[in-house]
A.B. asks: 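Let me begin by handing over the structure; questions about it come next.
A, B, ... follow the sequence lines: proteins, then strands. Residue 1 opens every chain.
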2 protein chains.
Amino acid sequence: MISRPPRPRERGIPEATVARLPVYLRALQSLQDRGTLTVSSEDLASAAGVNSAKLRKDLSHLGSYGTRGVGYEVQYLVYQISRELGLTQDWAVAIVGIGNLGRALANYGGFGTRGFRIAALLDADPEMVGQSVASLDVRHIDNLEDVVRSKGVSIGVITTPAASAQGVATRFVEAGVSSILNFAPVVLNVPDGVDVRKVDLSIELQILAFHAQRRADGDGRAAERAGLELT
Amino acid sequence: MISRPPRPRERGIPEATVARLPVYLRALQSLQDRGTLTVSSEDLASAAGVNSAKLRKDLSHLGSYGTRGVGYEVQYLVYQISRELGLTQDWAVAIVGIGNLGRALANYGGFGTRGFRIAALLDADPEMVGQSVASLDVRHIDNLEDVVRSKGVSIGVITTPAASAQGVATRFVEAGVSSILNFAPVVLNVPDGVDVRKVDLSIELQILAFHAQRRADGDGRAAERAGLELT
DNA sequence: CCCACTTTGTGCGTGCTTTCACAAGCACGT
DNA sequence: ACGTGCTTGTGAAAGCACGCACAAAGTGGG
Ligand SMILES: NC(=O)c1ccc[n+]([C@@H]2O[C@H](COP(=O)([O-])OP(=O)(O)OC[C@H]3O[C@@H](n4cnc5c(N)ncnc54)[C@H](O)[C@@H]3O)[C@@H](O)[C@H]2O)c1
Ligand SMILES: NC(=O)c1ccc[n+]([C@@H]2O[C@H](COP(=O)([O-])OP(=O)(O)OC[C@H]3O[C@@H](n4cnc5c(N)ncnc54)[C@H](O)[C@@H]3O)[C@@H](O)[C@H]2O)c1
């Protein structure tokens, strides 16, 4: 028995690569706006803030889209990355929790440009419901299932207080949404097959503080080396 | 020639560990609020959403703060992690670009709780300057150097449009700020020794879209295996 | 037609991360 | 005083990710 047909090309793009593709895409679109037709890995890498070998290896996972001696055709690469990321289709997004942050996201224009469309805003507060934010009516959270179905929502964004986030996530999942972006500072528990990403400003600040403290320590670390370590 | 002295024990906490410490800290504080006195690595790991061996190895980088057979004393661990992250001191934060997002951040109460204090708000728009947001006067960006000095700002947050972000970053650096949190969708260029972290919602959505598309593909992939691959 | 030059795609070594699995250590009951 | 049971801390192995360095492949000039 043949162990396996040579597996033409297992569709396995490393997670680290996936996370960088959007960065490349943005750099490429900026080049495109400036009318650039082709770009070398060196130049694109520099625009994206990464090592050029890394960039080439990343792109090689999508296929062999460069021309040796020349570089990459900007427009073609934009298309290939967009397709790989799924940006050639339209994604309907629902935001739950229309407070400070939810409103900022709703009013932000930068999403529509890349295949993401804010399709619904939901909140639990009766005061909030019915208000118009960014040309959308805020609906009551009880309509979540209806809204998801009728608008074809496939990505859910959670900007409620931490205490409500798990409940909202569960309702999203039950309604069939399996991609969630969470801004609330809690670990969400979801079934396998559901993809949760979190954005946590507080964590970012704490990481910055750690490094800042280390830099500061370094300056006066002579004392520590001299013997203060014997606590 | 010896390639390198054996490096006794550089105070090296792995970057991946540093990024998780804030998550552990939050889980611990939640336990503390509920009056829990000690916690096992298994339970804490589960609350933080990680593997318990990973959690133990992470904590072991800070020292040996657990008790075999019992677990970790919650309060003591909170203190140790806070100290390691530099949260026992007070960090003054300046936000530049008081638009949708900048305002949301300024109004957010969740920072003060962990040693971060929003010390100044800055904007370039004359309409904005002088307004009061979250009990702070918005100052003109031209005062950045003054404000950094007088308020002792050590962390800069950038929420301006992409086009202005690099300029603001450079001014931050020149004013002596070497920790920057950037929300604008651009790659910032800064000298060595300056720590930049970025938060990019658009990238997060694109990563979600990639995985969502892959899941959808999988469902109907039979066709692909059957021969559609011969592009 | 060939040569010099440029740039891609990738094999390979290195170091970081994760996970397993278990000896060592501590508390507590007897 | 000692054994039992639980949990930590950490070797060791496996898996990823990164970046160097170079052969392969294309361009363009003569
Ligand atoms: N504002 C920020 O800059 C910021 C920064 C970091 C993190 N966060 C996090 O983002 C989340 C939102 O922050 P915010 O400042 O916008 O808070 P907010 O209080 O201004 O808004 C929260 C909104 O969620 C609604 N809500 C509460 N429970 C709900 C439920 N069960 N279903 C639907 N809606 C519900 C509330 O009515 C309110 O409108 C919080 O978890 C916060 O910790 C915010
Ligand atoms: N709002 C969101 O939800 C969201 C989401 C993702 C990314 N972002 C990014 O965050 C940034 C801010 O978004 P926003 O929606 O708040 O934009 P905004 O236009 O509402 O606010 C930008 C503010 O920056 C000020 N500004 C412009 N140039 C400046 C300068 N040189 N110095 C100081 N201030 C200056 C403007 O006066 C304005 O008040 C943008 O880069 C955006 O791409 C925002």
A.B. asks: Look at the side chain of A:R20 and decide which nucleotide, out of D:dC18, C:dT10, C:dT17, has an atom nearest to it.
C.D. replies: D:dC18
A.B. asks: For DNA chain C, what residues of residues 35-55 of chain B have any heavy atom nearer than 4.0 Å?
C.D. replies: B:N51, B:A53, B:K54
A.B. asks: When you compare the side chain of A:S179 with that of A:R197, does any pair of heavy atoms fall below 4.5 Å?
C.D. replies: no
A.B. asks: Counting neighbours of CD on B:Q75 that are heavy atoms of other residues, nucleotides or ligands and sit closer than 6.0 Å, is the number greater than 12?
C.D. replies: no
A.B. asks: Nearest whole angstrom, please: distance from the C1' of D:dT7 to the CG of B:L59.
C.D. replies: 13 Å
A.B. asks: Using the C1' atoms of the five pairs at each end, what is the angle between the end axes of the helix from C:dC1-D:dG30 to C:dT30-D:dA1, to 10°?
C.D. replies: 0°
A.B. asks: Under 4.0 Å between any heavy atoms, over every strand shown, what does A:S64 touch: base, sugar-phosphate, or nothing? Just pick one.
C.D. replies: sugar-phosphate
A.B. asks: In whole Å, what is the span from the CD atom of B:E15 to the P atom of C:dT17?
C.D. replies: 8 Å
A.B. asks: Indicate whether OP1 or OP2 belonging to C:dC26 is found under 4.0 Å from a side-chain N or O atom of B:Y72.
C.D. replies: no
A.B. asks: Would you check if A:L31 and A:L44 make a side-chain contact, meaning some heavy-atom pair closer than 4.5 Å?
C.D. replies: yes
A.B. asks: Hey, would you say the B:Y65 and B:Y72 ring centroids sit under 6.0 Å apart?
C.D. replies: no
A.B. asks: From CZ of B:R56 over to P of C:dA24, roughly how many Å is that when rounded to an integer?
C.D. replies: 16 Å
A.B. asks: Does B:K57 get its side chain close enough to the base of C:dT19, under 3.5 Å, for a donor-acceptor pair?
C.D. replies: yes
A.B. asks: Counting C-beta onward and ignoring hydrogens, is there a side-chain heavy-atom pair between A:L208 and B:V196 closer than 4.5 Å?
C.D. replies: no
A.B. asks: What is the distance, rounded to the nearest whole Å, between atom CG of A:L62 and atom C1' of C:dG9?
C.D. replies: 13 Å
A.B. asks: For A:L77 and C:dG9, what is the distance between atoms CG and C1' respectively, to the nearest whole Å?
C.D. replies: 14 Å
A.B. asks: Rounding to an integer number of Å, can you tell me how far A:D58 CG sits from C:dG9 C1'?
C.D. replies: 13 Å
A.B. asks: Given 3.5 Å as the limit, does a donor-acceptor pair link the side chain of B:W91 with the main chain of A:L205, or not?
C.D. replies: no
A.B. asks: Within this structure, what is the CZ-CD1 distance for the pair B:F210 and B:I207, rounded to the nearest 0.5 Å?
C.D. replies: 10.0 Å
A.B. asks: Once you round it to whole Å, what is the distance between P of C:dG11 and NE2 of A:H61?
C.D. replies: 11 Å
A.B. asks: Hey, does B:H61 have a side-chain heavy atom less than 4.5 Å from the side chain of B:E84?
C.D. replies: no
A.B. asks: Does the side chain of A:V177 come within less than 4.5 Å of A:S154's, by heavy atoms?
C.D. replies: no
A.B. asks: Treating A:T67 as the side-chain partner and A:V70 as the backbone partner, does any N or O pair qualify as donor plus acceptor under 3.5 Å?
C.D. replies: no
A.B. asks: With no angle test and no hydrogens, is the base of D:dT7 tied to the side chain of B:R68 by a donor-acceptor pair under 3.5 Å?
C.D. replies: no
A.B. asks: Between the main-chain N or O of A:V78 and the side-chain N or O of A:S82, is there a donor-acceptor pair closer than 3.5 Å?
C.D. replies: yes
A.B. asks: Do side-chain atoms of B:T159 reach the backbone of B:I95 as a donor and acceptor pair under 3.5 angstrom?
C.D. replies: no
A.B. asks: Can you list, by residue number, the residues of residues 185-195 of chain A that have a non-hydrogen atom closer than 4.0 angstrom to DNA chain D?
C.D. replies: none
